[in-house]
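The structure displayed is predicted, hence computed values, not measured ones. Counting starts at 1 for both ligands and their atoms, following the listed order.
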Amino acid sequence: MKLLLLCLGLTLVCAHHEDNHDVVTSNFDMSKISGEWYSILLNSNVKEIIEEQGIMRMFVESVQALDNSSLSLKYHKKINGECAELTFICDETEEEGVYSVSYDGYNKIHIVEADYNDYVIFYFLNYQNGEITQGMDLYGRVFSC
Ligand SMILES: *[C@@H]1O[C@H](CO)[C@@H](O)[C@H](O)[C@H]1NC(C)=O
């Protein structure tokens with residue numbers, strides 16, 4: 001009987017969790033995007049930048065909304081064969097959900113979609129020497145249920 005109740009309890013917790021999936025595509029609550037993430041997918045129209053030695057090949061560790069509305073993004077990146085930590089402070093732009101940061105040129109980062117408990121999708125544009133490169137990042141939360 002105890003076991004049955006435990007099973008029922010766990011089922012309810014999981015069912016509740018699944019009901020709780022709200023996909024957000026605007027008016028992002030940055031405090032809910034804050035926290036630990038891991039990279040699931042990275043893509044770009046310019047393959048070289050995401051290949052082994054590519055400038056954009058990096059793996060997310062965390063996202064933190066700062067008090068002044070800037071966003072701190074922490075990544076791991078292999079540089080000269082060693083794992084380095086990179087932190088970017090991205091400033092808010094006039095567009096909602098769009099941040100900017102200098103790195104290998106100028107970058108605009110758009111938050112496209114999020115389900116705060118599960119995933120977030122970023123779309124970025126890199127502007128350098130009159131060229132625009134696009135990319136997409138999919139981050140996931142550590143699953144709990
Ligand atoms: C916000 O604070 C961070 C950390 O102190 C700083 O690096 C960044 O430049 C600030 N952003 C703005 C827009 O002032």
Side-chain angles (χ1 to χ4, degrees), residues 6-145:
L6 180 67
C7 287
L8 189 63
L10 284 177
T11 310
L12 287 176
V13 168
C14 287
H16 174 74
H17 181 74
E18 268 166 26
D19 279 347
N20 210 5
H21 283 210
D22 292 317
V23 175
V24 184
T25 56
S26 62
N27 298 316
F28 296 102
D29 180 343
M30 296 314 294
S31 69
K32 291 187 179 163
I33 287 181
S34 292
E36 287 179 23
W37 294 97
Y38 66 92
S39 293
I40 296 177
L41 216 67
L42 170 62
N43 216 333
S44 172
N45 63 325
V46 178
K47 279 252 170 65
E48 296 74 52
I49 67 167
I50 55 166
E51 281 172 357
E52 196 61 35
Q53 302 294 327
I55 195 87
M56 294 297 179
R57 190 185 179 92
M58 54 184 93
F59 300 91
V60 72
E61 195 182 311
S62 67
V63 174
Q64 195 61 52
L66 304 179
D67 290 342
N68 63 5
S69 302
S70 292
L71 207 58
S72 165
L73 301 177
K74 263 192 197 158
Y75 293 89
H76 279 130
K77 179 165 182 37
K78 219 174 179 185
I79 299 174
N80 300 326
E82 290 194 17
C83 188
E85 193 178 272
L86 288 180
T87 301
F88 298 100
I89 304 292
C90 308
D91 292 327
E92 203 181 29
T93 66
E94 278 162 23
E95 283 173 83
E96 196 263 320
V98 183
Y99 292 80
S100 69
V101 64
S102 299
Y103 171 70
D104 199 45
Y106 173 80
N107 300 273
K108 259 182 148 182
I109 301 169
H110 297 239
I111 300 169
V112 178
E113 186 177 309
D115 177 333
Y116 302 126
N117 297 321
D118 276 343
Y119 70 88
V120 59
I121 300 170
F122 287 89
Y123 167 65
F124 64 84
L125 292 156
N126 173 269
Y127 301 81
Q128 192 180 196
N129 304 327
E131 299 210 9
I132 304 176
T133 305
Q134 305 168 75
M136 203 94 169
D137 262 317
L138 170 64
Y139 302 158
R141 290 279 194 209
V142 177
F143 296 106
S144 56
C145 201

Which is it for Leu73 and Ile109 under the side-chain contact (heavy atoms from CB on, under 4.5 Å) test, yes or no, and what are the steps along the way? CA-CA 11 Å; Leu73 301 177; Ile109 301 169; 4.1 Å; yes

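- In terms of heavy atoms, Asn107 sits closest to Asn126 at OD1-ND2, 2.8 Å.
- With sequence neighbours excluded, the residues forming a side chain to side chain contact (heavy atoms under 4.5 Å, CB included) with Val112 are Ile121, Tyr123, listed by chain and number.
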If you look only at distance, which donor and acceptor atoms sit under 3.5 Å apart when one is on a side chain in residues 83-97 and the other is two or more places apart or in another chain?
residue: Asp91; atom: OD1; partner: Ser70; partner atom: OG; Å: 2.7
residue: Thr93; atom: OG1; partner: Glu95; partner atom: N; Å: 3.2
residue: Thr93; atom: OG1; partner: Glu95; partner atom: O; Å: 3.3
residue: Thr93; atom: OG1; partner: Val98; partner atom: O; Å: 2.8
residue: Glu95; atom: OE2; partner: Lys108; partner atom: NZ; Å: 3.1
residue: Glu96; atom: OE1; partner: Asn27; partner atom: N; Å: 3.1
residue: Glu96; atom: OE2; partner: Asn27; partner atom: N; Å: 3.0
residue: Glu96; atom: OE2; partner: Phe28; partner atom: N; Å: 3.2

Indicate every side-chain donor-acceptor pair of residues 46-64 with a distance under 3.5 Å to a residue at least two apart or in another chain.
residue: Arg57; atom: NH1; partner: Ile50; partner atom: O; Å: 2.8
residue: Glu61; atom: OE1; partner: His76; partner atom: NE2; Å: 3.0

Apply the test side-chain contact (heavy atoms from CB on, under 4.5 Å) to residues Met30 and Ile111: give CA-CA distance (whole Å), side-chain angles for both, the deciding distance (0.1 Å), then the verdict. CA-CA 10 Å; Met30 296 314 294; Ile111 300 169; 3.4 Å; yes

So what's ligand 1 close to, N/O to N/O, under 3.5 Å?
residue: ligand 1; atom: 2 (O); partner: Asn68; partner atom: ND2; Å: 2.3
residue: ligand 1; atom: 11 (N); partner: Asn68; partner atom: ND2; Å: 3.0
residue: ligand 1; atom: 11 (N); partner: Ser70; partner atom: OG; Å: 2.9
residue: ligand 1; atom: 11 (N); partner: Asp91; partner atom: OD1; Å: 3.4

